[in-house]
J.: 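Sharing a structure, written as structure tokens. Questions coming.
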Amino acid sequence: LGGGPGGDDDDGTLLDLLQRVQSEALRAFGPRGFDPKLYVDMPLAAGADQGAAAAALPAAAGGPAPSRGEMGAFLARYLAPAGSDLAAADPPDLALPEPRGFLPRVQSGAARAWAREVHALWRNLTRRVAPGVATARHTLLPLPGRAVVPGSGYRELYYWDSYWVVRGLLVSKMYETAKEVVLNLLYLVERYGFVLNGARSYYTNRSQPPLLSSMVLEIYSATGDMDLVKKALPSLLKEHNFWMSDFHRVVVKDNHGQTHSLTRYEAMWNKPRPESATTDEQMASNFSSEVDKENFYHQVASAAESGWDFSSRWMRNPPNMTTLATIVIIPVDLNAFIYKMERDIEFFAELTGEHTTSKEFSETAKARRIAIDSILWNSEMEQWLDYWLPADAQCQGVYQWNSKSQNRNIFASNFIPIWLNAYHHSGSVKYVNEAKSKGVMRSLKASGLLRSSGIAASLLNTGQQWDFPNGWAPLQHLIVEGLVNCGSAEAREFAEDIATRWVRTNYAAYKASGVMYEKYDVEVCGRSGGSGEYKHQTGFGWSNGVVLSFLEEFGWPRDKEIVCS
Ligand SMILES: OC[C@H]1O[C@H](O[C@H]2O[C@H](CO)[C@@H](O)[C@H](O)[C@H]2O)[C@H](O)[C@@H](O)[C@@H]1O
């Protein structure tokens with residue numbers, strides 16, 4: 001733990017320096033509006049020397065706080081602005097005002113005008129890492145191609161965000177840019193053995209929800225690009241190995257004596273997250289022993305690997321953040337994503353003539369499907385539930401399944417496996433059959449998650465951002481697409497209803513503020529989401545991708561109102 005597989009030792013010292021800068025900046029500028037990530041994203045200024053910067057840092061911890069002026073002078077002299085090592089890059093395939101064949105079923109003038117604006121936003125989010133960026137002077141990692149970033153303070157490429165970015169780029173017919181995004185992620189797998197949380201040296205200790213194979217599949221389905229499939233397959237096998245590693249793997253024995261392998265999130269890190277070190281250290285001050293602090297940091301970084309950072313989903317005692325227990329939880333969504341990855345690999349291997357691999361992955365996927373159904377499905381609630389291992393689990397042994405260990409709290413993730421419907425390349429096998437889909441739909445309708453402006457992440461308002469009343473674009477999309485793929489008219493109608501609520505709130509917020517948000521408050525149409533450890537972000541890659549996908553899937557008739565109802 002603590003190293004990160006990138007092994008960029010020289011970068012460790014740069015990060016040490018930037019973390020010290022972060023804590024001194026907090027002392028100098030105060031907590032109001034403080035953005036800890038800003039400081040670890042700063043490159044060394046041209047000509048500045050790291051040793052000299054370390055020596056010149058205004059105050060040593062424990063001494064008097066530097067003044068605002070001293071801190072400002074230090075930053076100006078030794079560090080360059082965050083983001084200055086990324087250049088804006090015109091996407092080669094952004095046709096303005098709209099590409100040929102764009103959203104043919106969007107007939108409402110208001111919806112269409114807005115969709116064009118969202119389409120144009122890809123230009124603001126496309127970047128290229130500046131030439132010569134190297135880890136000795138930058139925490140930004142070099143990438144081979146253009147990156148599409150989420151927005152605001154998220155100025156680098158992110159893993160799971162990229163899936164919805166790619167979906168949106170495909171609606172925008174930006175096939176070349178979509179492929180470049182994916183080639184960057186494949187490069188990260190080749191360089192680090194897995195896709196990093198994001199393209200920064202401080203993200204080398206963890207991944208994010210694994211959706212790379214899904215991105216390749218989407219691009220292949222839109223373009224028939226076999227070159228991409230051939231290039232991707234070896235990296236996908238490598239990525240699969242990463243998720244199958246001993247530390248991610250958990251074995252549970254069901255009540256019939258059958259053992260099942262499933263997967264959990266676990267970061268290779270037990271220190272404060274550099275991008276939020278001041279926050280993590282403050283929370284860890286509730287623990288007196290070093291061991292407890294390290295365990296806490298480990299749970300925090302593992303929650304960040306889940307993409308749900310942070311949520312009552314990972315807390316033993318919500319809303320108490322110090323009770324995070326991420327690594328003893330077998331998450332529903334992670335296992336659904338890996339099942340999908342296994343099916344995709346099966347398909348790609350078949351396409352490229354690697355029949356043995358294809359067969360092997362067909363078997364692996366079948367075993368995971370049985371595991372998900374045996375350990376995570378709850379037939380009484382008609383949802384899939386996260387499974388909690390014993391508190392002291394090292395996850396090395398075999399755990400006996402116990403119905404009481406399923407977490408009965410309601411989260412949007414409990415419904416994500418319906419997304420697996422009809423994603424089998426054969427198109428004929430549904431992950432969830434008709435009767436089960438009906439049950440899941442019934443359960444979702446009764447869950448309390450669906451509010452006037454979309455699906456909430458959870459029912460609990462903890463002040464964390466992946467909890468009530470926040471709704472997130474990826475969660476709406478996975479559920480809506482899952483419902484569409486159920487195949488029944490009733491499911492499609494329900495899906496369209498959720499999509500309509502979501503599009504309206506995104507539209508209203510955009511009209512009021514001119515920006516797309518990272519998340520929205522599902523209780524109030526047009527209100528962005530709040531809470532959590534950082535201030536709200538705009539831009540925003542996955543929100544743009546999801547509204548474009550919804551508009552493509554359902555269209556927007558001339559007479560359908562787009563303003564909040
Ligand atoms: O800086 C704090 C944390 O921020 C990231 O998480 C959030 O933004 C990501 C980019 O949009 C998104 O993928 C994630 O789901 C959000 O919760 C980052 O991924 C974390 O690792 C980081 O600690």
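Order of listing sets the numbers, starting from 1, for every ligand and every atom in it. Positions are given from 1 along the sequence. Predicted model only: the values in this text are computed from it and were never measured.
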J.: With the threshold set at 4.0 Å, does a side-chain nitrogen-carboxylate oxygen contact exist between Asp344 and Lys340?
T.: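 Judged by the 4.0 Å cut-off on N to carboxylate O distance, Asp344 and Lys340 do form a salt bridge.
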J.: Is it the case that ligand 1 has an N or O less than 3.5 angstrom from some N or O of Trp542?
T.: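 Such a contact does not occur with ligand 1.
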J.: So, Tyr158 versus Tyr203, ring centres under 6.0 angstrom or not?
T.: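 Yes.
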J.: Looking only at non-hydrogen atoms, find the nearest pair between Gln537 and Gly151 and report the distance.
T.: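 Taking every non-hydrogen atom into account, OE1-O, 3.8 Å.
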J.: Suppose we measure from atom 2 (C) of ligand 1 to each protein heavy atom; which comes out shortest, and what is that distance?
T.: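 Result: Glu533 OE2, 3.4 Å.
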J.: Looking only at N/O atoms, are Ala304 and ligand 1 under 3.5 Å apart anywhere?
T.: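 Checking ligand 1 against Ala304, no N or O pair falls under 3.5 Å apart.
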J.: Using the test salt bridge (Lys or Arg N to Asp or Glu O under 4.0 Å), find all partners of Glu342 that sit at least two apart in sequence or belong to another chain.
T.: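 Once residues adjacent in sequence are excluded, the partners of Glu342 under the salt bridge (Lys or Arg N to Asp or Glu O under 4.0 Å) criterion are Arg368.
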J.: Would you check if the distance from the ring center of Tyr520 to the ring center of Trp472 is below 6.0 Å?
T.: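 They do not qualify: ring centres at least 6.0 Å apart.
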J.: Check Lys519 against Gly530 and note the closest heavy-atom contact, atom names and distance.
T.: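 Taking Lys519 first and Gly530 second, the nearest heavy atoms are CE-O, 3.3 Å.
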J.: Among all protein heavy atoms in this structure, tell me which lies nearest to atom 15 (O) of ligand 1, with the distance rounded to 0.1 Å.
T.: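 Sorting protein heavy atoms by distance from atom 15 (O) of ligand 1 puts Gly307 O, 2.6 Å first.
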J.: Could you check whether Phe287 and Phe296 have their ring centres less than 6.0 Å apart?
T.: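 Judged by ring-centre distance (under 6.0 Å), Phe296 and Phe287 do meet the cut-off.
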J.: Heavy atom under 4.0 Å from ligand 1: found in Trp160's side chain, backbone, both, or neither?
T.: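 Side chain only.
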J.: Under 3.5 Å between any N/O of Tyr154 and any N/O of ligand 1: does that happen in this structure?
T.: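 Yes, Tyr154 has an N/O under 3.5 Å of an N/O on ligand 1.
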J.: For Asp309, which part has a heavy atom under 4.0 Å from ligand 1: side chain, backbone, both, or neither?
T.: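 Within the 4.0 Å criterion, Asp309 contacts ligand 1 through backbone and side-chain atoms alike.
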J.: Under 4.0 Å from ligand 1, counting heavy atoms only, is it the side chain of Phe540, its backbone, both or neither?
T.: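 Side chain only.
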J.: Considering only protein heavy atoms, which is closest to atom 7 (C) of ligand 1, and at what distance to one decimal place?
T.: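 Among all protein heavy atoms, the one nearest atom 7 (C) of ligand 1 is Tyr534 OH, 3.3 Å.
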J.: In this structure, does ligand 1 have an atom that sits under 4.0 Å from one of the heavy atoms of Ser276?
T.: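 Yes; Ser276 lies near enough to ligand 1 that a heavy-atom distance drops under 4.0 Å.
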J.: Measuring from the heavy atoms of Trp466, does anything fall under 4.0 Å of ligand 1?
T.: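 Trp466 counts as a contact of ligand 1 under the 4.0 Å cut-off.
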J.: What do you reckon, does Arg206 have a nitrogen or oxygen under 3.5 Å from a nitrogen or oxygen of ligand 1?
T.: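 By distance alone, the answer is yes.
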J.: Should Asn197 be counted as touching ligand 1, given the test is an N or O pair under 3.5 Å?
T.: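 Indeed, backbone or side chain, Asn197 has an N or O that close.
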J.: Ignoring hydrogens, just give me the one of Leu157, Asp161, Asp35, Val300 whose non-hydrogen atom is nearest atom 10 (C) of ligand 1.
T.: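 Answer by nearest heavy atom: Asp161.
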J.: Before signing off on this row, confirm whether Glu275 and ligand 1 have an N or O atom pair separated by under 3.5 Å.
T.: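 Looking only at distances, the answer is yes, because the N/O contact criterion of under 3.5 Å is met.
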J.: Can we say Glu24 and Arg27 salt-bridge, meaning some charged N sits less than 4.0 Å from an Asp/Glu carboxylate O?
T.: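 So Glu24 pairs with Arg27 through a salt bridge.
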J.: Would you say the ring centers of Tyr39 and Phe34 fall short of 6.0 Å from each other?
T.: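 That pair passes the under 6.0 Å test.
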J.: For atom 18 (C) of ligand 1, grab the closest protein heavy atom and report residue, atom and distance to one decimal in Å.
T.: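 Going by distance alone, atom 18 (C) of ligand 1 is nearest to Tyr203 OH, 3.6 Å.
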J.: With a 4.0 Å cut-off on heavy atoms, does Gln465 reach ligand 1?
T.: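 The answer is yes: ligand 1 sits under 4.0 Å from a heavy atom of Gln465.
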J.: Which residues pass the ring-ring contact (aromatic ring centres under 6.0 Å, His included) test with Trp308, sequence neighbours left out?
T.: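 Trp308: ring-ring contact (aromatic ring centres under 6.0 Å, His included) contacts with Trp466.
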J.: Are the charged groups of Arg167 and Glu481 less than 4.0 angstrom apart, N to O?
T.: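 Yes, charged N to carboxylate O under 4.0 Å.
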J.: Among the heavy atoms of Gln208, does any lie under 4.0 Å from an atom of ligand 1?
T.: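 It does; at least one heavy atom falls under 4.0 Å.
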